[in-house]
Amino acid sequence: LLSRQLLPRLADGLDALVVNPAAQQLGAVRDALAWLPALGAEAVAMLLDEHLWGKWQAALQAWLAQPGVRFEQVAAWYVGWRSLLPA
């Protein structure tokens with residue numbers, strides 16, 4: 001039941017997420033992570049890998065390529081994302 005109904009909804013939420021360092025909305029990520037105990041780490045990791053990390057990496061690369069990038073802001077953004085993930 002969870003994999004047939006819940007995983008597609010979580011995937012849709014992550015697909016709709018725009019990774020924007022200037023105004024990040026994290027609801028879809030938090031929703032996916034909230035299901036970690038029920039779905040398990042492998043399922044949630046696969047969900048994030050397939051529906052989020054490519055966009056996240058592209059946003060990071062675009063930001064780092066900008067002239068005059070402030071690396072302390074990039075580092076703070078990274079730390080914020082890292083704090084969302086369980087150890």
CD of Glu50 to CG of Leu52, rounded to nearest 0.5 Å, is 12.0 Å
Heavy atoms of other groups near Glu72 CD, more than 12 under 6.0 Å
yes
When every non-hydrogen atom of Gly13 is compared with those of Ala28, the smallest separation belongs to O-CB, 3.4 Å
Strictly distance-based, threshold 3.5 Å: is any side-chain N or O of Gln24 a donor or acceptor partner for the main-chain N or O of Asn20?
yes
One should read off an interatomic distance between Arg30 CZ and Gln25 CD, to the nearest 0.5 angstrom, of 9.5 Å
Going from CG on Leu6 to CH2 on Trp35, what distance comes out if it is rounded to the nearest 0.5 angstrom?
5.0 Å
Which pair of heavy atoms, one from Arg82 and one from Pro86, lies closest together, and at what distance?
NH1-O, 4.0 Å
In terms of hydrophobic clusters joined by side-chain contacts under 4.5 Å, are Val18 and Val29 together?
no
What's the spacing between Trp53 CH2 and Trp81 CH2 if we round to 0.5 Å?
6.0 Å
Between CE of Met46 and CG of Leu7, what distance do you get to the nearest 0.5 Å?
6.5 Å
Flag side-chain contact, heavy atom, 4.5 Å: Leu33 against Leu48:
yes
Measure up the Trp56 and Trp77 rings against each other and bin them: parallel (under 30°), tilted (30 to 60°), perpendicular (over 60°).
parallel
With no hydrogens and no angle check, is any side-chain donor or acceptor of Lys55 less than 3.5 Å from a backbone partner on Leu17?
yes
So, taking the atom named CG in Asp49 and the one named CG in Leu14, what distance separates them when rounded to the nearest 0.5 Å?
11.5 Å
